[in-house]
Amino acid sequence: MAKKKKKMIKLNQSIRHFFGDEGFDEGIERVPTESLIALAHTLGVFSGSTDKTALIKMFRRLWSEGESDNREMIVAFFKNEGKIYPNPKPKEKPHEREEKIDELLEAFEITPEERRALHASFIDIRTRKITPEKIAGKLEHIRYTRKREALEKALEGKFNFDDTLEYYAPITYHIGTETFTKIHVLKTAPMNEKRLHEETLDVLIPEITELKTTLTTQKQKQTNLFLSSLNLTSHRYLTQEQMVSSLKSAPPSIQTYGTLSPDILREVLAHHLHTPLTSIGTEDLMIEIDKQLHLPHRGLPLEYTLSLHLDATELSRQIWNEEELTITAMVEEQSIHEERAFLEELNHLVNECRTRAKLLEMSEELLYGIVYELLLPYLSLTPHISSKTSRRVLFAFDQRIAGELLKRQRQALLARTVRDFKNLFPLARSLRRRLIFHTGPTNSGKTYTAFQQLKKAGTGYYLAPLRLLALEGYESLRDEGVSASLITGEEQLLDEDATHISSTIEMLNFETEVDCCVIDEVQMIDDRDRGWAWANAIIGAPAKTVIMTGSPNAREAVVALAEYLGEPLEIVEFERKNPLELLKSPTPIDAIEPKTAVIAFTRSNALRLKQQLSKTYRTSVIYGNLSPEVRREEARRFREGETDILVATDAISMGLNLPIKTLLFSKADKFDGQNQRNLTATEVRQISGRAGRYGLSEKGYVGALTNDVLKTISTLFTKNIEPITLPFNVMANFDHIMLVSNILEEKSLSNIVDFFVQNMKFEGPFRAANLESMQEASAIVDHYDLDMRTKYTLATAPLSTSSPLVMAAFERYVRALEQKKPIAYIPPQRLGNHALSMEELQEAEDRIKEISLYLWLSYRMGEFFVDAEKARMFRGELNRFIENSLQQSHFVPRCKTCGKPLAPQSEFAICQSCFNNLNRAKQGIKNAISPSKHNERDSRKSFRRGR
């Protein structure tokens, strides 16, 4: 502050140099208008006015505001201008001022001393400002001041600004056996100012002296009364020695008892309140108390020091008078006040952070955790968040969330970009598509009719749910003279002149326009794992006419999609061509007639039934783990009468044309990949519809092997089918994956797939597909240095994650691709004529899957997968091996633990000996708990073969 004042004085002196020793307000009037305008431009305050009066007024205001920057710029302007604007009035001579003072003083009766004082008072005042009135006023002030000084000297006191007289008075103290005198500061009531001016000293001095005596007497009485009230022997806070020493050592004051010494106050506080006195001043004290504050969303309390300032005089009064000390209440009150203020500051800071991180949707625990981490290092012993600390924390918070916030902002941009899912298929949107839905039960001719329209179209696509059906579609087109290509994940039979393509639904090319596209089995849109392929195909098939075939429960779903797409929909209903009859009683396994299909829902059950039936019947078997070639061969054997009975899983529900007269359920429940559950009415209808194929038999029959299964099947067979529910699964193709990668600047395919599944929100009846296998494969390929297209190709490959053999081959392929090395197909070392056990059959099936994976990748990365022909050759050998194995009457089941042969009809995967050993080991673990007896059959359920 002193430096600024000194600077201002220097600037005032500098400006006088240019104004003839006059101040700024007077000198600025002599500056010409053009210079004033130039000065206004220099200061940046020119408003367009050239009026000199307005300019002078503006500059006077700027100078009077006292801003040093403005004053410096003004002084610098006149220095650069180099002109002086002198005062036109002649300077006043000093002797002329003295002569005028002497002349005016002649009119007053004054003493020589008063003359000298008046001369000293006006010698620096300008002559024109010296008037008789001012001299008279100054003379009266000098005389009154000297009168007060004479009174103070006579009364041995001092007048205060309020005309009270303050003086020292001796007061005698009698306390116990001690007698001593102390000086006290006493003060009269305010004097009458008029009397002080008008009355003489002879009147005032005796009057005020008497007043002093009265006040001193009153003070002595007051002191005596106070001393007599002291409890010298049992004072609440003080000993007699402390009281005497405090009264003796107290400095002169108005109070009778005086302020206690710091040592005594410290001792009293420590003894009676257990509160240490940490700081001592002349008039006030400070105590510091350790406190804890429980913060929201934080387990550990905040430890801080409460600093409390005390009035030493008031505290001494309470101690002398043995009053209840108010420090405890003060501590509590101030503690509550400071903690409340801190929590409000904290809440304000957290709210500001919450606003900045709104897009991240942080949990309260995480948000507070980050704020505490950034804030606590800045806090001193006192809980207070200053504005500077708040700015620091907010800056650090912004730095902390910047990366994630940018990512979320990009995610929001991405979500807005692809939210309307149909726009991700621009070619389909550019066509004026017509949608047709052929709906009806199985064996109603809906797919046949669609195929007839497809054959008539100039160009077309047939999208099948299975490779086997895609192959049938391809052959059907070729048989009708339509040039066609076959495209599946594992096989491509390409015709350069092809007008039609038959493919599995996942292989649809969204960039190739055709006249007609048939999407078969459209009710599969509800499938948990593959439903996305049907949704993508319906939305994005680039065909002028899109024909969908499916069961009646898909009707609402197709209507909802057509409304979303805004495309016209025609629904054609079909009726079953021959009746389907439900048998009234179960069919024993030894009473099955030829042309019967027995349905199982697991590979192990299918093989077990096949072994049982093979004792009496010639039997074919079809289940999902078999290669398409083997399934086709087994179906051919049944179709051409080489076998009487077909044992199959629900894999036959997908449109296989078989001469099934009777269809029998062996079970009424199935494992759907997540849970063991009862069949649905839709599944029962779809599977049952394979019986009584039109043109092959007049009527179809549906039944079961056991009464309990028949009862359940009968209920479901007649039950109304529940419509497919919304929303539908959809999945991004590679272009969509790259869009996510580019916007999010994300190189991890696993993170991109996770984002698509968890965060993508769509307009319309959609959700991101359930892509567990793709996510698992993405997590593997992300460990290798591969480009995004290679990663995507690998992650979408037909990967059997439950097969260790396939997964080992997959990782070998990925390692080789990272090193850009050719990948050979490694065939099995030994292959007999047929499998001797279910385990050998399982291994052969897994090797077929390995070959399928190899061939699938060879069509996409042929430069690396160089043994495609070799793989196809061994696939043929493995298919023959599996076919031969399935034609055997039985396999020798073996224990999974020790490998010993099991009984042919055993439904367990381990032998009795291994089971007993395992059971004893479990019982040893449970010895601490009272063991309960379990039915042996129940306890071995987890070891059933194939579970």
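All values derive from a computational prediction rather than experimental measurement. Nothing fancy with the numbering, it's 1 onward along the sequence.
- Salt bridge status for R478 with D495: present, with a side-chain N to carboxylate O gap under 4.0 Å.
- Relative to the six-membered ring of Y701, K661 misses at least one condition, a distance below 6.0 Å or an angle of at most 45° to the axis.
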Begin with the C-alpha distance, continue with both residues' side-chain angles, and end with the deciding distance and a verdict on salt bridge (charged side-chain N to carboxylate O under 4.0 Å, His left out) for E573 and R555.
CA-CA 10 Å; E573 297 185 352; R555 183 185 185 113; 2.5 Å; yes
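- Neither side chain, S476 nor D479, offers a donor N or O lying under 3.5 Å from an acceptor on the other.
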For R434 and E567, what are the C-alpha separation, side-chain angles and deciding distance, and is it a salt bridge (charged side-chain N to carboxylate O under 4.0 Å, His left out)?
CA-CA 7 Å; R434 183 168 68 102; E567 295 175 336; over 6 Å; no
Going through the checks in order, is the salt bridge (charged side-chain N to carboxylate O under 4.0 Å, His left out) test met by E506 and R530?
CA-CA 9 Å; E506 287 88 351; R530 297 180 64 207; 2.8 Å; yes
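- Residues N553 and E722 bring no donor and acceptor atom of their side chains to less than 3.5 Å of each other.
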In a table with atom names and distances, give each donor-acceptor pair under 3.5 Å that connects a side chain of residues 458-469 to protein atoms at least two apart or in another chain.
residue : atom : partner : partner atom : Å
T459    : OG1  : D515    : N            : 2.9
T459    : OG1  : D515    : OD2          : 3.2
Y461    : OH   : N509    : N            : 3.2
Y462    : OH   : D520    : OD2          : 2.8
R467    : NH1  : E629    : OE2          : 3.2
R467    : NH2  : E491    : OE1          : 2.8
R467    : NH2  : E629    : OE2          : 2.7

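- Q676 and D669 share a donor-acceptor pair across their side chains, judged by distance under 3.5 Å alone.
- The stretch residues 481-525 participates, sequence neighbours left out, in these ring pair (Phe, Tyr, Trp, His ring centres under 6.0 Å) pairs: F425-F510.
- We find that R632 and E475 are joined by a salt bridge, their nearest charged nitrogen and carboxylate oxygen being less than 4.0 Å apart.
- Residues forming a side chain to side chain donor-acceptor pair (under 3.5 Å) with E364 (at least two apart in sequence, or on another chain): R354.
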